[in-house]
There are 2 protein chains.
Amino acid sequence: MAAIFRTFLGDREVRGVLPDDRGLAYGDGLFETMRGHAGRIPWWSAHWDRLARGAERLAIALPARARVEAEVDRLLEGADGVVKLRVGRTGGGRGYAPPAGGEPSWSLSLHAEPEPPRRGLVLRWCATPVSIQPALAGIKHCNRLEQVLARLEWNQPGAAGADADEGLMCATDGAVVGATAANLFVLHGSRWQTPEVDRCGVAGVCRGWLLQHCEVDQARITVEEVERADALVLTNAVRGILPVARLGRRNFVPHPAVAEWQRRLARSHPAFASTPSEMP
Amino acid sequence: MAAIFRTFLGDREVRGVLPDDRGLAYGDGLFETMRGHAGRIPWWSAHWDRLARGAERLAIALPARARVEAEVDRLLEGADGVVKLRVGRTGGGRGYAPPAGGEPSWSLSLHAEPEPPRRGLVLRWCATPVSIQPALAGIKHCNRLEQVLARLEWNQPGAAGADADEGLMCATDGAVVGATAANLFVLHGSRWQTPEVDRCGVAGVCRGWLLQHCEVDQARITVEEVERADALVLTNAVRGILPVARLGRRNFVPHPAVAEWQRRLARSHPAFASTPSEMP
């Protein structure tokens with residue numbers, strides 16, 4: 001459980017989760033998982049922008065941004081940590097129709113920073129497919145059973161590929177989507193590509209930074225293209241750029257293009273200066 | 001909000017929703033919405049069976065059935081009402097991987113019975129598609145943003161089709177799935193059909209009763225087949241069999257086959273004896 005967990009309704013702090021929070025009943029909500037560094041969230045604006053896009057799509061009212069910022073400051077107290085923000089709504093009885101004009105229910109929690117991996121990541125392919133749903137694509141909503149099922153594939157001790165750090169998922173039509181909790185970037189020669197997120201997948205914040213600052217194309221990517229890549233990296237907003245050392249039986253040797261991306265990100269955000277190099 | 005809302009972890013009653021309930025974060029859970037009549041739930045075994053199928057699919061531990069039954073009895077106190085049961089799990093930190101061997105988190109709430117409609121239902125088509133995901137098809141899981149989005153289409157005052165009682169949804173490939181909170185049955189001549197639930201949709205409990213007791217085929221059904229049907233009905237476990245009076249601009253006249261189904265259900269379960277006839 002989080003070290004600290006605080007819940008709000010509109011601009012009032014409330015005690016615990018409200019029993020009619022529609023997150024519980026329908027996964028009716030959005031979340032952001034954010035790297036906090038020295039009391040600040042380096043990518044705060046990008047997180048808020050994605051949250052706002054999701055809120056517009058789901059017609060969820062957002063809490064006041066300044067209030068959330070003040071509470072995040074209070075939570076981090078100048079230190080490092082991972083901050084999770086969830087925004088949803090309450091009420092509406094048993095039905096799927098959300099009540100009109102309700103106040104946002106939101107929560108903040110503070111979590112320990114994960115240990116940086118001491119080696120490149122080991123990946124596996126997941127059998128659970130990602131469904132194609134343009135209405136929910138790109139946003140970070142709380143309907144995540146597909147990711148839970150995928151993670152369950154190698155959760156059990158003794159499961160094939162139980163040593164994997166992450167799993168790659170494909171859409172129901174076979175196109176590669178990304179990892180359960182990270183975006184995927186694929187290098188062929190000098191060309192970087194990342195799966196489009198117009199039909200499924202999440203528009204990750206670190207992914208957005210790379211699209212803005214580096215040469216990357218968004219594309220439909222096949223399993224075969226991933227398997228014969230020159231390099232693979234996973235990215236997310238908490239861990240930055242993570243090199244991949246192995247996918248199934250294929251090993252990847254450290255690639256200078258990955259190291260160059262990592263240096264660029266570290267220069268841009270001191271929070272990511274500790275991103276592990278490709279070599280232990 | 002429900003008149004009564006009680007929460008449990010394993011076999012202990014707990015105060016309120018636990019902040020690390022994975023329902024809130026990921027919609028990681030299952031639910032059953034059940035008609036209670038004179039203190040009993042007529043379709044209890046069918047509800048429990050579907051819950052058990054869902055729990056197996058999601059690897060969620062179930063609470064002891066006898067304990068849930070005792071709490072449902074206590075909740076209904078011999079009266080009528082709608083009982084909602086949710087079963088999920090807690091813990092696992094920020095990650096999608098559920099913790100192994102955790103206790104089930106579950107809740108029961110009691111709601112007023114809805115008024116029986118005084119006329120046949122008015123339906124509309126929803127633009128929000130249902131994604132195709134065999135891994136989650138048939139079970140009543142808590143990832144319901146598609147249904148929330150569909151319901152939002154005619155939630156606003158002044159929206160087109162704002163007088164609709166329910167909306168029909170199609171899969172992303174165009175096949176008809178059902179209504180947002182009910183299964184659909186389509187009559188052509190003397191042949192009843194209902195959409196299959198092997199790729200998406202919910203295996204409704206009233207739908208299951210009809211498949212067992214009446215002549216119905218499961219099929220892929222097109223929009224055009226629905227629009228030129230001789231009769232349509234919606235079904236769910238709370239309201240039983242509901243005749244459709246209008247879909248978009250098409251009106252449906254009361255059909256003896258629908259009345260026959262309603263009589264049969266009423267004979268089987270006194271709870272549904274008050275199901276409205278097709279005529280006011």
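Order of the sequence lines sets the chain letters (A, B, ...), proteins ahead of strands, with each chain counted from 1. None of these values were measured; they are calculated from a predicted model. Atoms considered below: every heavy atom in the structure, side chains included; atoms not considered: hydrogens, waters and symmetry mates.
- Looking at B:Asp20 and B:Arg94, no side-chain N of the basic residue comes within less than 4.0 Å of a carboxylate O on the acidic one, giving no salt bridge.
- The OG1 atom of A:Thr7 sits 10.0 Å away from the CH2 atom of A:Trp106 when rounded to the nearest 0.5 Å.
- Between chain A and the residues B:Thr33, B:Leu58, B:Thr128, the most heavy-atom pairs under 4.5 angstrom are made by B:Leu58.
- Looking at A:Asp21, only its side chain comes within 4.5 Å of chain B, counting heavy atoms on both sides.
- For B:Glu115, the CD atom counts as loosely surrounded, since its 6.0 Å shell holds 12 or fewer non-hydrogen atoms of other residues, nucleotides or ligands.
- Ion pair A:Arg35/A:Asp80 not flagged as a salt bridge, since none of the NZ, NE, NH1 or NH2 atoms sits closer than 4.0 Å to an Asp/Glu carboxylate oxygen.
- Proximity to chain A is limited to the side chain of B:Arg22, based on heavy atoms less than 4.5 angstrom apart.
- A:Leu149 touches chain B through its side chain: at least one heavy atom from C-beta onward sits under 4.5 Å away, while N, CA, C and O do not.
- A distance-only check finds a donor-acceptor pair linking the side chain of B:Glu166 to the backbone of B:Thr180 [under 3.5 Å].
- Here the side chain of A:Arg86 pairs no donor or acceptor atom with the backbone of A:Glu32 at under 3.5 angstrom.
- Between the side chain of A:Glu146 and the main chain of A:Ser131, a donor-acceptor pair closer than 3.5 Å is present.
- When each of A:Val82, A:Thr90, A:Val238 is scored by its heavy-atom pairs under 4.5 Å with chain B, the top score falls to A:Val82.
- With a 4.5 angstrom heavy-atom cutoff, A:Ala25 touches chain B via backbone and side-chain atoms both.
- Interface residue B:Thr172: only side-chain heavy atoms are found under 4.5 Å from chain A.
- Your options are B:Pro98, B:Ala100, B:Ala181, and the one with the most heavy-atom pairs under 4.5 Å with chain A is B:Pro98.
- Only the side chain of A:Leu136 comes within less than 4.5 Å of a heavy atom of chain B; its backbone N, CA, C and O stay farther away.
- A:Glu153 places a side-chain N or O within 3.5 Å of a backbone atom of A:Ala127 that can act as its donor or acceptor partner.
- Using a 4.5 Å cut-off between heavy atoms, B:Ala135 touches chain A through backbone and side chain atoms alike.
- Proximity to chain B (any heavy atom under 4.5 Å) is restricted, for A:Arg89, to the side chain, taken from C-beta onward.
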